[in-house]
Novice: 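I have a structure here, written as structure tokens, and I will follow up with some questions on it.
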Amino acid sequence: MAEEKKGFHRAWLVFIGVCMMMAGGMGLVLNVMGNYFAPMAMAFGLVTPDGKPDVTQVTLLMTVYSYVMLVWLPFCGRLFDKVDARILFGVSGCLIVIGCLLFNVWTEVWQIYISGALFGLAGPAIFLVGPSVLINNWFAPKQAGKFLGIASAFTGVGTFVWSPVFAGLVKAEGYKFGFTVEAVIAAVLILIPAFFFFRTRPEDVGLQPWGIEKETAEGEKPKAVGVSGKFALGTIAFWAILIGAGLISLGGGYKSLMPTAVQSVGGPELAMLGATMISAAAVGNILGKITLGTLADKIGIKNAMVGFAVVSAIGFALMVAFMGNNMVPMIIAGFCIGTGDAMMSVGLPLVTRACYGDRRYGEIYSYMNMPIALLGGLGATFVALVASLTGGFQAAYGCGIVFEAIIAACMIVAVVTAKKFRDKWTAEGEPEKSRG
């Protein structure tokens with residue numbers, strides 16, 4: 001096998017491409033979508049009796065996106081080992097660009113759901129599973145966490161840049177112009193790396209994963225080993241991760257309702273504090289992703305995930321104890337709750353790889369994302385419902401403490417029980433070992 005010993009390893013090009021894709025995919029397309037809802041509702045004549053935009057029908061766009069992706073995830077997951085990365089990521093990127101451009105021609109509200117469906121079809125490759133597949137394939141196991149954390153942080157960095165930019169563009173030129181500019185930027189940041197930087201595995205171009213020489217015996221050829229998707233489905237670890245993933249995905253609702261929660265106690269004058277908490281959560285998001293990936297490489301993914309669950313639980317506890325006009329505890333709470341995003345985008349991929357290996361990683365991790373697609377959009381609804389039933393947000397955020405405890409327990413159970421079938425890992429083409 002031809003291997004680069006010195007100089008520029010192609011893994012760095014893949015890493016740069018994944019950073020671009022994270023900034024131009026989830027960071028751009030999904031995280032700025034809120035800037036479009038109100039102007040689109042007005043354009044379609046969807047207004048409340050008092051003349052304000054009624055965004056209910058427009059926001060169903062994201063529901064369509066989530067549930068199309070939910071159905072497509074298990075099928076798409078099998079493609080990562082079968083379809084050339086240039087084709088898979090290139091086609092998915094084109095769907096994103098086309099979905100954005102079509103907003104220029106839609107004249108009825110139901111038509112925008114077609115764009116939502118296109119985003120859903122592209123989602124597994126561009127938003128959820130694809131980035132971690134590429135990083136895990138191109139970097140050795142003890143290096144992947146750090147690089148996945150840095151790349152995932154670009155969704156937050158992208159949001160910092162894109163959200164104010166597109167809010168201004170939409171206000172000045174209209175939402176159609178905003179989507180056109182978005183399509184151009186997405187094409188540059190997604191399609192260029194998809195067609196020119198990405199390959200599925202380093203072996204496809206005669207290389208080994210970056211850093212693998214430090215983790216394998218001299219002259220040993222690394223193999224993608226692990227278990228099949230069918231085997232994974234029958235393990236306790238799989239269902240523990242699945243439950244944990246579903247609970248982690250609720251965190252977005254807790255984060256988005258922090259301003260509402262503090263104003264429910266202290267009144268509208270705390271709007272600025274609520275906005276500051278969102279900013280603190282964004283900082284926690286970025287730093288958390290980088291830190292979790294690095295910690296996982298050094299102390300193990302189980303310990304790192306438990307530690308982050310504790311940090312998030314501290315954030316929820318501060319919300320319960322100090323909710324209202326208590327600036328320092330509230331900002332700390334926002335930061336701590338924001339770090340929970342790292343568990344979803346960095347922690348879950350690394351837990352899945354640690355438990356099941358690389359052999360069918362894309363397929364198995366796609367299954368893990370199904371509860372995220374199913375429950376991710378219901379987090380805010382859940383928090384608001386609990387607050388409504390109990391008369392305040394303290395109980396809702398108290399539930400968050402319980403959820404973090406369950407998440408930590410699920411991660412421990414998953415990693416510990418997975419060690420019992422480590423001897424069942426095989427390489428592609430080798431006979432599958434039975435569980436017995």
Side-chain angles (χ1 to χ4, degrees), residues 16-44 53 55 57-66 68-69 72 76 85-131 134 151-152 154-198:
I16 292 170
V18 172
C19 291
M20 292 170 63
M21 186 170 69
M22 297 295 266
M26 182 174 289
L28 173 63
V29 178
L30 293 189
N31 290 354
V32 306
M33 191 62 72
N35 292 307
Y36 294 100
F37 291 153
M40 288 171 66
M42 295 298 290
F44 291 125
V55 300
Q57 294 185 55
V58 175
T59 57
L60 284 176
L61 161 74
M62 301 309 294
T63 303
V64 172
Y65 150 74
S66 295
V68 168
M69 186 166 62
W72 176 231
C76 185
R86 290 168 291 184
I87 297 174
L88 184 58
F89 288 91
V91 171
S92 297
C94 288
L95 292 176
I96 294 291
V97 173
I98 293 169
C100 289
L101 290 175
L102 285 174
F103 283 102
N104 284 278
V105 301
W106 299 144
T107 58
E108 302 288 341
V109 68
W110 65 266
Q111 294 172 328
I112 70 173
Y113 304 149
I114 298 175
S115 288
L118 294 178
F119 294 158
L121 292 173
I126 304 300
F127 303 144
L128 293 182
V129 184
L134 289 170
S152 297
F154 272 78
T155 62
V157 173
T159 303
F160 269 121
V161 176
W162 303 135
S163 189
V165 168
F166 280 91
L169 282 176
V170 171
K171 183 177 181 180
E173 303 292 340
Y175 79 87
K176 292 185 177 181
F177 181 79
F179 275 119
T180 301
V181 176
E182 188 173 300
V184 173
I185 296 175
V188 171
L189 294 180
I190 297 175
L191 296 183
I192 288 178
F195 290 127
F196 298 105
F197 297 176
F198 294 162

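For this chain, numbers begin at 1 and follow the sequence in order.
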Novice: Is there a side-chain contact between K176 and F179 (heavy atoms, below 4.5 Å)?
Specialist: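 A side-chain contact is absent here, since even the closest heavy-atom pair is not under 4.5 Å.
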Novice: Is the backbone of G178 close enough, under 3.5 Å, to the side chain of E182 for a donor and an acceptor to pair up by distance?
Specialist: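 Checking the backbone N and O of G178 against the side chain of E182, no donor-acceptor pair under 3.5 Å is found.
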Novice: Looking at every non-hydrogen atom in both residues, tell me the closest pair between L189 and G24 and how far apart they are.
Specialist: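 Where L189 meets G24 most closely, the heavy atoms are CD1-CA, 3.7 Å.
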Novice: Can you confirm whether F37 sits close enough to M62 that some side-chain heavy atom of one is under 4.5 Å from a side-chain heavy atom of the other?
Specialist: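 SC-SC contact between F37 and M62 confirmed.
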Novice: Using modelled atom types only, decide if a donor and an acceptor are shared between the side chain of W106 and the backbone of Y113 within a distance under 3.5 Å.
Specialist: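 Here the side-chain-to-backbone pair does not exist.
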Novice: Do the side chains of V181 and E173 get nearer than 4.5 Å, heavy atoms only?
Specialist: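 Side chain of E173 against side chain of V181, heavy atoms only: no contact under 4.5 Å found.
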Novice: Using only atom types and a distance under 3.5 Å, with no angle test, would you say the side chain of S115 pairs donor to acceptor with the backbone of Q111?
Specialist: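 Looks like no, no N/O pair under 3.5 Å.
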Novice: If you look at every heavy atom in L169 and F177, which pair is closest and at what distance?
Specialist: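 That closest heavy-atom pairing would be CD2-CE2, 3.7 Å.
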Novice: Please find the pair of heavy atoms, one from P193 and one from M20, that lie closest to each other, and give the distance.
Specialist: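 Reported closest heavy-atom pair: CD-CE, 3.9 Å.
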Novice: Less than 6.0 Å separating the ring centroids of F103 and Y175?
Specialist: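 Here the rings of Y175 and F103 have centres that are no less than 6.0 Å from each other.
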Novice: What are the two closest non-hydrogen atoms of G25 and F127, and how far apart are they?
Specialist: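 Nearest heavy atoms, G25 then F127: C-CE2, 3.4 Å.
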Novice: Looking at P131 and I126, what are the two nearest heavy atoms and their distance?
Specialist: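 Looking at all heavy atoms of both residues, the shortest contact is CG-O, 3.7 Å.
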Novice: Just to verify, which of V29, L28, L101, L118 counts as forming a side chain to side chain contact (heavy atoms under 4.5 Å, CB included) with I96?
Specialist: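 That would be V29; it is the only one of V29, L28, L101, L118 passing the side chain to side chain contact (heavy atoms under 4.5 Å, CB included) with I96.
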Novice: Write down the atom of A125, the atom of M21, and the distance for their closest heavy-atom approach.
Specialist: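 Result for this residue pair: O-CE, 4.1 Å.
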Novice: Are F89 and F198 close enough that their ring centres sit under 6.0 Å apart?
Specialist: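 Yes - the distance between ring centres of F89 and F198 falls below the 6.0 Å cut-off.
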